[in-house]
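Note sheet for the following structure.
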Amino acid sequence: MYSFLISNYLIPDTYIWDKKTKKWQYKNGREVSKNNIDKLYSKIYQTLETKNKQLIDKLVNKEITLNQWKAQFFSNLKLAEINVFLLTIGGAENLVNKDTKILNNNVKKKFTYFSKFVNDIKKGVSEKELRYRSERYNKSVESAISSGNLLNKKRTGFNFAYRRLGIAEHCKDCIYYNSLGVVGIDEFTPIKTNCICQERCKCSEYFFSTLEDAVKSFNQ
Ligand SMILES: [Zn+2]
Ligand SMILES: [Zn+2]
């Protein structure tokens, strides 16, 4: 199903995934800087934004049908989501069955929301709303970063996690997740996913190997 992603893969050949540290490094063993990784995330996002903006223009100018727009827009979204996820978990070579399931679920969920959006467009939305809501879908690739990051934490031996509310208004979902306190990592809902604020979420997340570590960090 994901065979097409290899050709669209934005990760440079010079990046090697270190299975021990679960981080990208160069051949000489030097770690790829967070800055360079962030640049790749931005590149994935910008590519998506450019492509989807062109699609919106075409739809507005009636150069394509809504169905054509829907298929292409979502395909771009899916590709970005997959690329982000792979960049976070160590590339296609390290994608195991469990991850594919998570990825599939994320994509499916997104498609459900997206179909509702398309239905709204059918009923009639203003150009402004069309552009605004499309842009939010582009930005939602950030939730793929969070999901990938969570997997990465699990694999590097973190067993507990906590969500802290940021200085901002919070949606009821974020408040609920925060109220759970420190939870087992399998119960943890990563920031920017499964909440109303999504990519606007200002929460931060903390990971701990043991409960003692969690307690210690709160007492500091
Ligand atoms: Zn929220
Ligand atoms: Zn939040």
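Note that ligands are numbered from 1 as they come in the structure, with each ligand's atoms numbered from 1 the same way.
- Checked by atom type and distance alone, the side chain of Asn28 pairs as donor or acceptor with a backbone atom of Arg30 at under 3.5 Å.
- Of all protein N/O/S atoms, those under 2.8 Å from the Zn ion (ligand 2) are Cys174 SG, Cys201 SG, Cys203 SG, and waters are not counted.
- With sequence neighbours excluded, no residue satisfies side chain to side chain donor-acceptor pair (under 3.5 Å) with Asn159.
- With respect to Asp57, the salt bridge (Lys or Arg N to Asp or Glu O under 4.0 Å) criterion is satisfied by exactly one of Arg131, Lys62, Lys51: Arg131.
- Note on Glu142 versus Lys192: salt bridge recorded, some NZ/NE/NH1/NH2 to OD/OE distance being below 4.0 Å.
- Taking Tyr26 as the reference, Asn36 meet the side chain to side chain donor-acceptor pair (under 3.5 Å) condition, with sequence neighbours excluded.
- Listed by first and then second residue, the salt bridge (charged side-chain N to carboxylate O under 4.0 Å, His left out) pairs involving residues 157-166 amount to none (not counting sequence neighbours).
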